[in-house]
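Only one structure is covered here, and it is reproduced in the block below.
Only this structure's heavy atoms are used, side chains among them; waters, hydrogens and symmetry mates stay out. Quick note on labels: first sequence line is chain A, next is B, and so on, each numbered from 1.
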Amino acid sequence: MNAELTSLMGGSQSMSTWDYDCFYASVFEAENPALKSLPLAVQQKQIVVTCNYEARRRGLRKLQLIKEAKRICPDVVIMLGEDLTKFRDASKELHAFLKKNTWGNRVEKLGFDELLNRHDLQNSFFQLDKFDPTVGFAFDASTFCGPTYPAEPCPSVKEDGEQLWFSSLDVGLRLGSHLANYLRHQLEQHTPYTATVGISTSKLLAKLVGNLNKPRLQTTLRPPYSATDDGQGGNVASFLGQHEIGKIPGIGFKMAHRIRTHILGREPNLDVYEGLAEEDNVSVDVVRSFPGMGPVKLDEIFRGGGWPKDIGTKVWGLLNGVDDTEVAVGKAFPSQISIEDSYSQVDNLQSVRNELLPLTRKLLRRMHADLTEDEEGEELTTGHATVQAGRHLPVKRKKRWLGCPRTLRLSTRSRPPSLPDVGHQLHSNRISKSCPMPRFVFSFSETVEALAERLVEDTIVPLFRRLHPDKSGYKLSLINIAATNMMECAGSENSGVGQDIGAMFRNQGPRPTQFSNLPAVCSHRVTESHFDNQHHGLKHVVDGEVDQTRGDAAVLEWTSDEDGESENSATPHDECTICGAFIPWFAVQAHSIYHSVQT
DNA sequence: ATGGGTCCT
DNA sequence: AGGACCC
């Protein structure tokens, strides 16, 4: 691949962000489908944290006060969602679904309801399942699947018959759009959930473009990404340019505020409940074209804010659609576990003790659920550890720690002196103290109940005294206990191929989960006619680029283009010596595996 | 706001 | 230990 294209694509082919539609509400609807047709809101304390689309149709919004919601929609059904257990469990199932369909464990979690999935078009085109070469799907690569931005192709890349030529970027994104569509339908067939997907070449662009068609749809950011020779601006610039700067992932409240202040020449008006006033919106386009703007100016704007050293360069990159961050490899366990609750007022040590005990119990249960596995390697599900599918004998299993937190942290937030503070986001108000995690919490022989009491008295109460040395005078509105500084335990392989392959084999057997009959992918057989389909879909790519008459099957070589960057090479496709099918460059490896496994 | 998470200084 | 960012 040439340098320009490599930089254009970030060397990364394509990826998709997955955003599960009104996730908390969907979890309740999955439990009780009758809720689907009703306006449903999920409550945490005083606010609606999310609501379903029926509720949105009636004017409800995320982060609305419960009072407001009830006033606007008196017949709203409200579910309490302060305990995140069921959401976390559903999140794990959905993560597992995408992981099974992604090579190299390249699925990154961005929250309970958001995932980032790196497409591996070399492998997934023909063979979606790492160990089953018969699993794949058919599609027509002459089109993008689903909505795109912009909706129609730009005039400069209009398909004009014989001259039709797709860049490698174009091919990657087309395939990505079909793969995403296929997986979205698999998701809907096999789980009660729906997702909205964005397809592009970077996290930044995939995330933003995914917001365009919600719910239950997907959007692909169309090429060309950069300005073309005939002076047309690329789609990246036109798409990004319209966004308010605060909407760009990576530019948060503080940085957006500094940028707006610089551009407007004054402090923006921050409305208490509405946030930013319309006239104080500052778009990416305006920032980018502001006199003197660039990485150096941005460094100056952010000076003294405690941001990382290269922040100006990084933000300038984001404003120009440059995001080089890789899709992380999925982790086997979280790097931090925390439990918190908020209160109207906790102001004496006995109340603190009363609150600490349930929090500590929950923390220990979570540590067992998320940081341990049994000897055979199967992750244990709380409450089901001794009930095996298909047998009724309680099985005594030996557990072991996969990851081990070395630090315990206690954080509190004090209630501000009742001043209706406008700039409430400007100070977080949290303070914390940490200490080494006592070894006894890792015991498997004592009950969680006993361990929790001992941990509170021996460790957390002393931490609290360090945090609040005054006997009274504190008015806590939040207490948080966290297990942090996670260390991988000996014998556990946190990430990487070994662990991934292990997980694949384990997935062959029955799993004690909600979607235990969920296949890795559909059972579409790869047949001769299937190959033909694929070939016709890609014929245009081949036509424009190489001499199609060179089909010299006898000298077929699989060895080149391992990286799939064969754009300028002489063999973007070839004919298989065994079955005679035309194989595009990105599918060669998978196709050879197909034959090597075939009997 | 809520109840979580991530990484950097 | 705290601060920024994310959902």
Side-chain angles (χ1 to χ4, degrees), chain A residues 17-24 41-50 61-69 80-88 91 94-95 108-116 196 203-204 207-208 210-211 246-258 272-275 302 304-311 314-315 318 325 328 331 333-344 359 362-363 366 370 407-413 415-416 420-421 424-435 463 466-467 477-486:
Chain A
T17 53
W18 290 66
D19 197 314
Y20 295 102
D21 299 318
C22 42
F23 183 58
Y24 286 9
V42 180
Q43 174 181 15
Q44 286 174 343
K45 295 298 185 300
Q46 326 254 43
I47 62 171
V48 172
V49 286
T50 196
R61 301 290 146 201
K62 289 177 178 181
L63 305 189
Q64 222 164 17
L65 287 172
I66 289 289
K67 271 187 172 184
E68 284 290 287
L80 195 62
E82 290 166 12
D83 184 338
L84 304 188
T85 306
K86 66 173 72 174
F87 310 129
R88 187 153 34 229
S91 177
L94 293 170
H95 190 195
E108 187 179 345
K109 266 193 97 154
L110 302 171
F112 278 18
D113 67 338
E114 227 186 284
L115 295 166
L116 183 75
T196 299
K203 292 189 207 188
L204 203 219
K207 265 185 88 154
L208 282 179
N211 291 330
K247 292 286 199 305
I248 303 302
I251 301 178
F253 181 83
K254 301 271 184 174
M255 286 197 290
H257 186 78
R258 291 244 186 151
V272 188
Y273 24 21
E274 292 305 326
F302 297 141
W307 282 284
K309 279 226 168 295
D310 58 341
I311 191 67
K314 196 193 135 194
V315 169
L318 294 178
T325 56
K331 289 152 68 175
F333 51 85
S335 43
Q336 175 194 310
I337 294 174
S338 76
I339 301 291
E340 69 187 48
D341 201 351
S342 55
Y343 314 92
S344 58
L359 290 176
K362 285 182 76 179
L363 181 68
R366 280 259 278 129
D370 292 355
T407 304
L408 180 69
R409 185 183 63 209
L410 174 69
S411 313
T412 60
R413 187 221 292 141
R415 190 158 289 289
D421 192 5
H424 62 94
Q425 297 204 54
L426 295 174
H427 47 71
S428 80
N429 234 357
R430 274 157 111 118
I431 54 173
S432 70
K433 293 289 176 203
S434 302
C435 71
L463 264 185
R466 278 212 282 142
L467 194 56
S477 62
L478 178 140
I479 300 176
N480 176 300
I481 309 172
T484 69
N485 204 2
M486 212 68 77

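Distance Phe23(A) CZ to dC7(C) C1': 11 Å, rounded to the nearest Å. The interatomic distance linking Lys203(A) (NZ) with dC6(C) (P) rounds to 13 Å, in whole Å. Taking atom CD of Gln44(A) as the reference point, atom C1' of dG3(B) lies 5 Å away to the nearest angstrom. Counting to the nearest Å, the P atom of dG3(B) and the NZ atom of Lys86(A) are 15 Å from each other. If you measure from atom CD of Glu114(A) to atom C1' of dG4(B), you get 14 Å, rounded to the nearest angstrom. Here dA4(C) presents its P atom at 12 Å from CD1 of Ile311(A), a figure rounded to the nearest Å. Residue Ile251(A) contributes atom CD1, which lies 11 Å from atom C1' of dC5(C) at whole-angstrom precision. One atom, CZ of Arg430(A), and another, C1' of dA1(C), lie 13 Å apart when rounded to the nearest Å.
Here dC5(C) is the nucleotide among dG3(C), dA1(B), dC5(C) with the atom lying nearest to any side-chain atom of Met255(A). Which of dC7(C), dA4(C), dT2(B) sits closest to the side chain of Lys254(A) comes down to dA4(C). With dT2(B), dG3(C), dC5(C) as the choices, the nucleotide that has an atom nearest any side-chain atom of Val49(A) turns out to be dT2(B). Comparing dT2(B), dG4(B), dC5(C) by their closest approach to the side chain of Arg413(A) singles out dT2(B). Which of dA1(C), dG4(B), dT2(B) sits closest to the side chain of Arg88(A) comes down to dG4(B).
Between the side chains of Asp19(A) and Thr196(A), no donor-acceptor pair is found at a separation under 3.5 Å. Lys109(A) and Ser91(A) share a donor-acceptor pair across their side chains, judged by distance under 3.5 Å alone.
Lys433(A) pairs by the salt bridge (charged side-chain N to carboxylate O under 4.0 Å, His left out) definition with nothing, not counting sequence neighbours. Legend: residues meeting salt bridge (charged side-chain N to carboxylate O under 4.0 Å, His left out) with Arg430(A), ordered by chain and number and at least two apart, are Glu340(A). Shown here are the salt bridge (charged side-chain N to carboxylate O under 4.0 Å, His left out) partners of Lys45(A), two or more places apart in sequence or in another chain: Glu82(A), Asp341(A). With sequence neighbours excluded, the residues satisfying ring pair (Phe, Tyr, Trp, His ring centres under 6.0 Å) with Tyr24(A) are Phe87(A). Applying the side-chain contact (heavy atoms from CB on, under 4.5 Å) rule to Ser335(A) yields the partners Lys331(A); only residues at least two apart in sequence or on another chain are considered.
At least one side-chain nitrogen or oxygen of Ser432(A) sits closer than 4.0 Å to the OP1 or OP2 atom of dG2(C). Ser338(A) has no side-chain polar atom (N or O) that falls below the 4.0 Å cut-off from OP1 or OP2 of dG3(B). Not one side-chain nitrogen or oxygen of Ser428(A) sits closer than 4.0 Å to the OP1 or OP2 atom of dG2(C).
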So which protein N/O to nucleotides 6-9 of chain B N/O distances come out below 3.5 Å?
| residue | atom | partner | partner atom | Å |
| --- | --- | --- | --- | --- |
| dT6(B) | OP1 | Ser335(A) | N | 3.2 |
| dT6(B) | OP1 | Ser335(A) | OG | 2.9 |
| dT6(B) | OP2 | Ser335(A) | OG | 3.2 |
| dT6(B) | OP2 | Gln336(A) | N | 3.4 |

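Residue-level contact check: Ile248(A) touches the backbone only, with heavy atoms under 4.0 Å from sugar-phosphate atoms and none from bases. Within the nucleic acid shown, Leu110(A) comes within 4.0 Å of sugar-phosphate atoms alone, with no base atom in reach, counting heavy atoms only. Nucleic acid contact class of Lys62(A) (heavy atoms, under 4.0 Å, all strands): none. Counting non-hydrogen atoms under 4.0 angstrom, Gly250(A) reaches the backbone sugars and phosphates but no base. Backbone-only engagement by Glu82(A) is indicated by non-hydrogen atom pairs under 4.0 Å involving sugar-phosphate atoms exclusively.
Ser434(A) contributes atom OG, which lies 7.5 Å from atom CZ of Arg466(A) (distance to the nearest 0.5 angstrom).
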